[in-house]
2 protein chains.
Amino acid sequence: MTDKPEELKKAGLKVTGPRVKILQMLEEASDRHLSAEEVHKALVENGEDVGLATVYRVLTQFEAADLIVRHNFDGGHSVYELSDGDHHDHMVCTETGSVIEFFDEEIERIQKKIADRHGYEIVAHNLVLYVKPKSTDASH
Amino acid sequence: MTDKPEELKKAGLKVTGPRVKILQMLEEASDRHLSAEEVHKALVENGEDVGLATVYRVLTQFEAADLIVRHNFDGGHSVYELSDGDHHDHMVCTETGSVIEFFDEEIERIQKKIADRHGYEIVAHNLVLYVKPKSTDASH
DNA sequence: ATGAATGCAAAAACTTTGCATGACG
DNA sequence: CGTCATGCAAAGTTTTTGCATTCAT
């Protein structure tokens, strides 16, 4: 949809093959939450010869430029998604691994209130619900 | 306060030196949120000769036994704290690194509602607010 | 005594970095 | 053309695992 080279220029980044392609991968990805490894794999599968190190470097730059957002889900690896300006939180299904985005104004409001009450302001926040389908009976 | 060997037995874990000591470290720690490395360092400084691998193994077992809770803060390493039965979330100061615990019933309630609305039930959740002192002016 | 727990070191998973080559403006 | 980006491989972090030894019951 958007013009990638243009976005890169606006972000003050030199327009290079790898950067454009990585941005495209993130946009086209059906599951919009990709790890660095997944981005790299997607590139290779598309015949793009980009090194994993470059993927990490570029993703880090994109994050710094607010082009993408990085999330640290449980399990030690990060995932990235295109930042469309909208903030939202995530629900991760522990059985299927699928990621659902959601946003709740009231939660946001309460968070601000809590930080404020302690004399702080929020720089960032991280809310992830780990869930399972209601029907599944995992008796304990 | 509590009898550590007793707690271990109740959790179905064999009472061993390292396990008792690690439980003590977690209880005595002034900052109650320790990483595996920190637990290990604390042990060594106390003259306890425990391997780092054992610390990881024991912490994993303790977590499985609900004796402790593991948190994955941003930055790639986990921290652990004694689970006292109370659930709470965390606020991490980005300038001092200090961790503040809080709990808000309304947020909990809304979270359940959101999961429910999508056909899920919550297995676990993770809410961390990254904050900075209100007065501090970090111009960008 | 016997099976589980430990320590050490090696390995694994994820991410960063150094350096020579190649590409962008 | 000069500088910055890239690729490769090596190094860094954090956590896990294999195996012989030690310990709890």
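Numbers restart at 1 for each chain; the letters A, B, ... are given by sequence-line order, proteins then strands.
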_In this structure, would A/I68 and A/V20 fall into the same cluster of hydrophobic residues linked by side-chain contacts under 4.5 Å?_
yes
*asked:* Hydrophobic clustering (ILVMFWY, side-chain heavy atoms < 4.5 Å, transitive) - are A/I100 and A/V128 grouped together?
replied: no
*Quick one: is B/S78 getting a side-chain N or O under 4.0 Å of the D/dT15 phosphate, OP1 or OP2?*
yes
_So, OP1 or OP2 of C/dT15: does either fall under 4.0 Å of a side-chain N or O from A/Y56?_
yes
*For A/R19, which contact category applies under a 4.0 Å heavy-atom criterion: base, sugar-phosphate, or nothing?*
sugar-phosphate
Taking atom [atom2] of [N] as reference, at what distance in whole Å does atom [atom1] of [X] sit?
X	N	atom1	atom2	result
B/H40	C/dA9	NE2	P	12 Å
A/K14	D/dG2	NZ	P	14 Å
B/L59	C/dA5	CG	C1'	15 Å
A/F62	D/dA5	CZ	C1'	12 Å
B/E63	D/dT16	CD	P	10 Å
B/L52	C/dA11	CG	P	17 Å
B/R57	C/dA9	CZ	P	14 Å
B/L43	C/dG7	CG	P	9 Å

*Does A/H40 use its side chain to pair, donor to acceptor, with the backbone of A/V50 at less than 3.5 Å?*
yes
*For B/S83 and B/D66, indicate whether the former's side chain and the latter's backbone hold a donor-acceptor pair under 3.5 Å.*
yes
*Between A/R70 and A/G17, just flag the one whose closest nucleotide in DNA chain C comes earlier from the 5' side.*
A/R70
*Are B/K41 and B/E38 within salt-bridge range, i.e. N to O under 4.0 Å?*
no
*Which nucleotide sits closest to the side chain of A/V15: C/dT6, C/dT16, C/dG25?*
C/dG25
*Side chain of A/T16 (C-beta onward), nearest among C/dT6, D/dA9, C/dC24*: C/dC24
*asked:* Go nucleotide by nucleotide along DNA chain D from the 5' end; which of A/V50 and B/S35 gets its closest nucleotide reached first?
replied: A/V50
*Could you say whether B/T54 or B/L13 is positioned toward the 5' end of DNA chain D, judged by the nucleotide with the nearest heavy atom to each?*
B/T54
